[in-house]
Amino acid sequence: MALHKSMNPVIAFPVKPEVDHKEEVAEWIEAFNELVDQEGPSRGTELLGALVERARSAGVDVPVQLNTPYFNSIPAAEEVPYPGDRKLERRIKSLIRWNAMAMVHRQNKKDPGIGGHISTYSSLATLLEVGFNHFFHANYGDEPGDLIYFQGHASPGVYARAFLEGRLSEEQVKNFRHELRDTPGLSSYPHPWLMSDFWRFPTVSMGIGPLNAIYQARFMRYLENRGLIAATPRKVWAFVGDGETDEPETMGSLTLGSREKLDNLIFVVNCNLQRLDGPVRGNGKIVNELEAAFRGAGWNVIKVLWGTDWDPIFAADKSGLLLKRIEECVDGELQSFKAKGGAYIRKEFFGKHPELLQLVEHLSDDELHRLTRGGHDPQKVYNAYLRAVEHKGSPTVILAQTVKGYGLGSAEARNATHSEKKLADQALSAFRTRFDIPIPESAARDGSLYRPADDSEELKYMRERRRQLGGFMPTRELKPIEFQGPALEEFSESLAGSKGRAVSTTMGYVSMLRQLLKDPKVGKRVVPIIPDEGRTFGMESIIRQVGIYASQGQLYKPHDQDMLLYYREEKDGQILEEGITEAGSMASFTAAGTSYSNYNVITIPFFTYYSMFGFQRIGDLVWAFADARGRGFLMGATAGRTTLLGEGLQHQDGHSLVLASTVPTCHAYDPAYVYEIAVIVHDGIRRMYELNEDRFYYITVYNEDYPMPEMPKGVEEGILRGIYKFRAAAKGKAAVQLFGSGPILNEAIRAQEILAEKYGVNADVWSVTSYNELRRDALGTERWNRLHPAEAEKKPYILTAIEGAEGPIIAATDYMKVVPDQLSPWLRERLVTLGTDGFGRSDNRQHLRRHFEINAESIVTAALSRLARDSKFDAKKAQKAFEELGVATEGKDPATA
Ligand SMILES: Cc1ncc(C[n+]2csc(CCOP(=O)(O)OP(=O)(O)O)c2C)c(N)n1
Ligand SMILES: [Mg+2]
């Protein structure tokens, strides 16, 4: 049938036929069948492609079809045979299942409420075991191997395998979730901070694993393209829960994977159709939803839905009725079938049509119930993995249908199964029988662990498989890396000041970064990361200098190519310009900040972003970065609630330093001058990469221009520890101490002048680079004092630093008052804090600082007010000063305005 010219160009599809076209359609299908039978499926694809193209050009609306039938993507006839010893692998898997379950069970019996999960691993076991036995490479020659993100709460299964392998002792396993006992225990979830030679990736906060995995795969390519590591067939595997795909982090960056052609990336979504409370999509089908989303995002999708025992049943169904019946079932029903058993399945599923009942009449109820879902069949899983690792040109997702609580008897596929921690005696016995665990009934009821003899067939097989694949996994081993950072002198330009020129700390930082990128030793290891704010921060020159990483190079001639600072993209470009995604940028920062452990290569990431869109937006990713022992520099630009002018409530950051203080390995600084940044960055590189300290930095940089002084002598220690005297009172001993940070230090200096000139009060000015560091030091010192009452008391650095300085301390900051207030326990009533509590406003700096009461005038009046209360200044004069300096006394508190 030729397409008719007169056909309406936008007819909807499918067209409701006015006349019966059945015969015509049958002819078409017959012709098509003939072609495929004689010339193979690829000819079929070709013909359909040509037809679709022709139809589109004729204006026929061809529906975009993102879903395929609810079958396995790999037809049974195309499968390759399983290469392993199925029987032995099943034995091993059963032992792992047992120990994983027993570990959680016995711990909860002993210590009620200690928690743990048994149903997730039970659904995941085959998916992991096929990987461990046949796919997960620990090394490729000298290069580290595959990187695996495990579903966090499936950790008991991973521990149970390591226990059988002999890597974890029985003592350790018995101390699952007992980390603070005499014998070492196992952490609840994957935490490199807690088990640094075992886990690599913190994944248990849902969504973080998949997001980080995507950027990890991209970073691997970045390192290869930049010649920092050799290219290998290494893969990034991410095991993801189907419920976890509700997290925007899981699905939000899928197109990066296809855009960058990341065929080194494999997602395995464990589609057990359940999350914590109940079904993931009770009224729909999560597999279809994910298939469409991943395919739409350009991924290679492989569905592993049905086990081998379904193959003959599907083959016997000539009418397509079985598929139709499956497709009309929503996930809530699929779950019920597993929960309610064989008789129910026969009646409610197959019983809908007599033809379907016939298909399974040879099976008992029990056999019906046991019909396997794809994710529990090693043959199907193996074939899917094989296709995934061989696939080229895009990432692969495997959608594996499984049963939550598989093998747990009455807990199987129940809504409450996620929270199951213990099994009843009878369920334990049933588990033991089903998986054939050779321990006495009584031991089973206690949930005893079981490990066969070292020379048993099972353990020998396991070890041999891992030996073939390069070693045990997961393992996080650190090889010593030779590294020499730059000397402080190499930062001389930044230390020298701006010679009177008004510049911002952001500009100063950017030129420092430019210098660092030129450094012969560390230059190529620096990884600048920006989420579409390069121009905001004046980083165009860096784009020109080292280029933006673009895996395909620059396929177009940029319109600004004739300009000095054109938009330069290169295959080996150095900058990761992530677009508008702080979460994605943080994931890149994480990949770069842990490259020393994942690739044996040091890279030094500088992630520069709008400080407001950092910790509060992606705080959980920062927490995971710290857990992963990440190292690098977070640069919070356009910092400060009053220094970022005009932008108002949503942009003006007055609290990132508070949030930074919550992360134990984060060292946060609020520098006023460029030389301070240079000292901090220099020392940071030394500590993180030469001394291998697991720490990272958060440094605020601002966009206010003012002259940068040259570094005074002997201030380095003070800068790093958090405080130094910047400018002493011009004449005589100071009666007041003024603390300032960031650009507000300039307000403190102006206040010093007003106090002296107008009110005859002498004040010292201090630059406080880090209240957070001062507090940590003081807390540490105080703890030591508390624990050693018989020894001489030690002094916190803050008290040593200001020794001899008298009078009240007025601390002014562009951040919340709670930042300086961190020192209240040591400065006590001397401390008066001025900060920016409350929502920001759009206005200029002068008005913003007046509104938040942190301008020089507010500092002066705060000092006088306090001196008056201490009877060191006339109270009436102090009151008058407010009026003289234009500081409102009756306005609304900005904290609540
Ligand atoms: C960000 C976050 N929110 C909530 C949780 C608590 N939580 C742990 S497991 C779980 C359900 C997971 O369901 P799914 O992803 O389907 O995994 P399954 O156990 O079914 O394999 C939830 C909500 C979490 N770990 N992280
Ligand atoms: Mg689930």
Side-chain angles (χ1 to χ4, degrees), residues 97 100-101 104 114-128 131 149-158 177 187-191 199 201-213 237-252 267-282 284-290 293 304-305 330-332 334-335 338-339 373-376 381 397-408 411-421 583 586-587 617-625 627:
R97 280 182 188 285
M101 184 277 300
V104 180
I114 199 73
H117 298 81
I118 56 183
S119 332
T120 299
Y121 179 70
S122 65
S123 65
L124 187 67
T126 302
L127 293 169
L128 286 190
Y149 291 74
F150 293 98
Q151 252 186 297
H153 55 292
S155 57
V158 182
R177 291 192 173 221
S187 69
S188 51
Y189 301 119
H191 294 302
W199 297 113
F201 306 114
T203 47
V204 82
S205 176
M206 313 250 121
I208 283 181
L211 177 80
N212 277 332
W237 293 78
F239 287 84
V240 182
D242 49 357
E244 187 174 9
T245 62
D246 282 339
E247 291 284 4
E249 287 84 351
T250 305
M251 304 297 284
F267 270 27
V268 180
V269 186
N270 176 13
C271 296
N272 54 26
L273 314 185
Q274 288 178 243
R275 49 192 179 205
L276 195 157
D277 286 341
V280 177
R281 294 289 181 272
K285 279 179 135 50
I286 185 65
V287 169
N288 281 351
E289 191 176 318
L290 294 176
V304 184
L305 306 181
V330 293
D331 284 355
L334 290 182
Q335 183 192 337
K338 276 295 173 198
R373 295 207 172 155
H376 294 295
V381 173
V397 60
I398 290 163
L399 303 174
Q401 188 164 251
T402 60
V403 179
K404 193 148 177 168
Y406 182 83
L408 296 180
E412 204 167 87
R414 306 281 158 162
N415 281 335
T417 190
H418 186 94
S419 311
E420 215 71 62
K421 317 277 177 223
M586 189 62 208
R617 189 174 182 114
I618 49 155
D620 205 15
L621 288 162
V622 180
W623 186 257
F625 174 85
D627 186 349

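In each ligand, atom 1 is the first atom listed, and ligand 1 is the first ligand listed.
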Geometric class of the His153/His117 ring pair [parallel <30°, tilted 30-60°, perpendicular >60°]: perpendicular
Separation between CE of Met586 and CG of Asp620, rounded to the nearest 0.5 Å: 10.5 Å
Under-2.8 Å neighbours of the Mg ion (ligand 2), protein N/O/S atoms only: 3
Separation between CG of Leu124 and NE2 of His376, rounded to the nearest 0.5 Å: 9.5 Å
Candidate pair Arg177 and Val104, rule side-chain contact (heavy atoms from CB on, under 4.5 Å), full reasoning: CA-CA 9 Å; Arg177 291 192 173 221; Val104 180; over 6 Å; no
Gap between atom CG of Leu334 and atom SG of Cys271 - 0.5 Å precision: 11.5 Å
Donor-acceptor side-chain pairing of Glu244 and Asn270 below 3.5 angstrom: no
When you pair each N or O of ligand 1 with protein N or O atoms, which pairs come out under 3.5 Å?
unit_1	atom_1	unit_2	atom_2	d
ligand 1	15 (O)	Gly243	N	3.4
ligand 1	15 (O)	Glu244	N	2.9
ligand 1	16 (O)	Asp242	OD1	2.8
ligand 1	16 (O)	Gly243	N	2.8
ligand 1	16 (O)	Gln274	O	2.9
ligand 1	17 (O)	Gln151	NE2	3.3
ligand 1	19 (O)	Thr120	OG1	2.6
ligand 1	19 (O)	His153	NE2	2.7
ligand 1	19 (O)	Lys404	NZ	2.8
ligand 1	20 (O)	Asn272	OD1	3.2
ligand 1	20 (O)	Asn272	ND2	3.0
ligand 1	20 (O)	Gln274	O	2.9
ligand 1	20 (O)	Lys404	NZ	2.6
ligand 1	21 (O)	Gln151	NE2	2.8
ligand 1	21 (O)	Asn272	ND2	3.1
ligand 1	25 (N)	Val204	O	2.9
ligand 1	26 (N)	Met206	N	3.1

Side-chain (Ser119) to main-chain (Thr417) donor-acceptor, under 3.5 angstrom: yes
Aromatic ring pairing Phe150/Phe239, orientation class (parallel under 30°, perpendicular over 60°, tilted between): parallel
Euclidean distance, Leu128 CG relative to Gln151 CD, rounded to 0.5 Å: 8.0 Å
